[in-house]
Each structure stands twice: as C-alpha cells, then as structure tokens.
Amino acid sequence: MKSFGLDRRKLLGRALALGALGSLSGCDFDHPNHPDLADRFLRAMSDWNDEVQAALFDPRTLAPTFKPSQITRPPRFNAFYDISQAPQVDAATWRLALTGRIGDKRPWRIGQLRAMPRESQITRLICVEGWRVVGQWSGVPLHHFLRKVNADLRARYVSIHCADGYFSSIDMASALHPQTILALDFLGAPLTAPFGAPLRLRIPTKLGFKNPKSIVALGVTNTYPGGYWENQGYNWFSGS
Ligand SMILES: Nc1nc2c(c(=O)[nH]1)N[C@H]1C(S)=C(S)[C@@H](COP(=O)(O)O)O[C@H]1N2
Ligand SMILES: [Mo]
C-alpha cells in the first residue's frame, strides 16, 4: 500500500505540472493562425487534469498538521487587492445565504454557526505565488454543516461567494473531507477583516486561492460554478 501511495504522489505531481501548463494564459501558447485552437487545447488538458486529480483524491488522506511552535507570525495576507481594501463585514447583520440543492435554505447568522461543533487545525496554506504559511484555524466542519442544512451530498459542486465579489468552488468529495472547515477563528480569536471575517473556507487539501474569505453565500449545484482565478485559467481542482 505504501508504494501505491508514492506512485499516487508522483502521479499527482505530474497532474499538477500539467495543471500549471494549463494555467498559462493563451498568449504564451497561441498558434498565430489558430489562437482559439491552442486555448481550447489547454482548456481540455486542464479539464482532463481535474478529472485525474479528482480520481486520485483520497478523502481519508489528511493534509499535514503542524505544532503550535511552527505557526507563521505574523500571518501573511493575500487577495486580488491591497490589505487596506479588505471588506469590512458587520458580523451582527451578516447572513450566510444558501442556494441550490439544499433542503433548508434559511440564511444563517454568525451566532448559529458559533453554536455548532468545532474543529481546530494547525495547517499550511500554500499560495500559487510561491509562499506558504502555517496557521491555526477553527470552525464548523463543512460536512457537518452540509448535513445539517440537508444538502444534496451527491451533487457535484459546492460554490462560495464572498463580500468582495471573489468566488470559488470545490468538488463534493473535497467539501466532505474532515479537514474542510467553515473557519470562524484564527489563533483562538474571531477572524479579522483582511483574513476573512466573519467566515472563510479553510481547506488544507487545496491551494490558497480555493480558500475564499468573507463568505456571504454557499451553494450546492451540479452546474460547474468556476471561480475568480479558475475562470482566468488557474487549474480548478488545485489540490495541494
Ligand atoms: N474573498 C477573497 N478570498 C480569497 C482571496 C480574495 O482575493 N478574496 N484570495 C485567495 C488567495 S489567492 C489566497 S492565497 C488566500 C490568502 O489567504 P490569507 O490572506 O489568509 O493568507 O485567500 C484566498 N481567498
Ligand atoms: Mo493565492
């Protein structure tokens, strides 16, 4: 079984390399006469790559966890804008809207989420820009939340929209992974605005850009939802 694990890693590495190829913008690979063809080819490669990664994803394999002494201080901010532009969400009036294949679509208040069972993790967030940080997040396991609202767990995607217009989506198997949480706290205190207050997705089995901050809506759907960076060519699955 161990050697299978290694092979799986090697394969995944290759799949990721192909994902990186797929994420290069069309201009680098455009054939002067057939720009659309080159684009379509890379899109097809990246879609195929999503399927390979999804097939290789083992819902029982945990992302690495770290010791408190390994936590990166201070944490590092990233978004598609400067830290001073981070949305200021009032937790008191904030609501989490639910859409799509969910039985109970009543919006959630922050206090209701805080009353749910918690999971705490010290994990690593890896940004495609080439840096990584270790942090401690705690919050509601997404699998628990999805069951609570009677979501269709056989649907393909969970989509997430944010207060700043950012959005992303993940496959259902990754959504149900035990380390995928709707994070409320960082280092034992409520998330601050730039780091995703009042609620962010923390999914240590995926790259940083699949960890949307300041969530305002969550949906369950069979229609491919894409994402802010995903729609600009980043590989959709992006396991880490
Ligand atoms: N709402 C929102 N969430 C977001 C982003 C963003 O621009 N807006 N950027 C993503 C990217 S690219 C990364 S690497 C992580 C960074 O999270 P951090 O600021 O906690 O390090 O947030 C992700 N979630
Ligand atoms: Mo990122």
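Counting starts at 1 for both ligands and their atoms, in listed order.
With respect to atom 15 (C) of ligand 1, the closest heavy atom belonging to the protein is Gly208 O, 3.5 Å. Protein heavy atom in closest approach to atom 6 (C) of ligand 1: Tyr166 CD1, 3.5 Å. Counting only heavy atoms of the protein, atom 2 (C) of ligand 1 lies nearest to Asp164 OD2, 3.3 Å. The protein non-hydrogen atom at the shortest distance from atom 16 (C) of ligand 1 is Asn78 O, 3.6 Å.
Polar contact with ligand 1: present for Asn211 (N/O pair, distance under 3.5 Å). Looking at ligand 1, you'll find an N or O of Arg76 within less than 3.5 Å of one of its N or O atoms.
In this structure, Tyr228 has its ring center no closer than 6.0 Å to that of Phe167.
Across every non-hydrogen atom of Leu146 and Val158, the tightest pair is CD1-CG2, 4.2 Å. Closest non-hydrogen pair, Ala91 versus Ile110, comes out as O-CG2, 3.7 Å. Residues Val220 and Asp152 come closest through the heavy atom pair CG1-O, 3.6 Å.
Ring orientation note: the planes of Tyr234 and Trp229 are close to parallel, at an angle under 30° on the 30°/60° scale. In this structure, Tyr224 and Tyr157 have perpendicular ring planes: the angle between them is above 60°, well past the 30° mark.
Remark: Arg76 pairs with no residue by the salt bridge (charged side-chain N to carboxylate O under 4.0 Å, His left out) rule, at least two apart or across chains.
Of the listed residues (Lys213, Arg200, His161, Lys210), the one carrying the non-hydrogen atom nearest atom 20 (O) of ligand 1 is Arg200.
Listed for the Gln112 side chain is a donor-acceptor partner under 3.5 Å among the backbone atoms of Arg109.
Close contacts of ligand 1 with Pro212, meaning ligand atoms under 4.0 Å from a residue heavy atom, involve 3 (N), 24 (N). Against a heavy-atom cut-off of under 4.0 Å, Cys127 is close to the following atoms of ligand 1: 14 (S). If you number the atoms of ligand 1 from 1 as listed, the ones under 4.0 Å from a heavy atom of Cys162 come out as 1 (N). Of all atoms in ligand 1, listed by their number and element, those nearer than 4.0 Å to a heavy atom of Trp131 are 21 (O). Interface of Phe80 with ligand 1, defined as ligand atoms under 4.0 Å from a residue heavy atom, comprises 7 (O). Counting atoms of ligand 1 from 1 in the listed order, those under 4.0 Å from a heavy atom of Ala79 are 6 (C), 7 (O), 9 (N).
When heavy-atom distances to ligand 1 are checked against a 4.0 Å cut-off, Phe209 comes that close through both its backbone and its side chain.
Ser46 and Asn49 share no side-chain donor-acceptor pair at under 3.5 Å.
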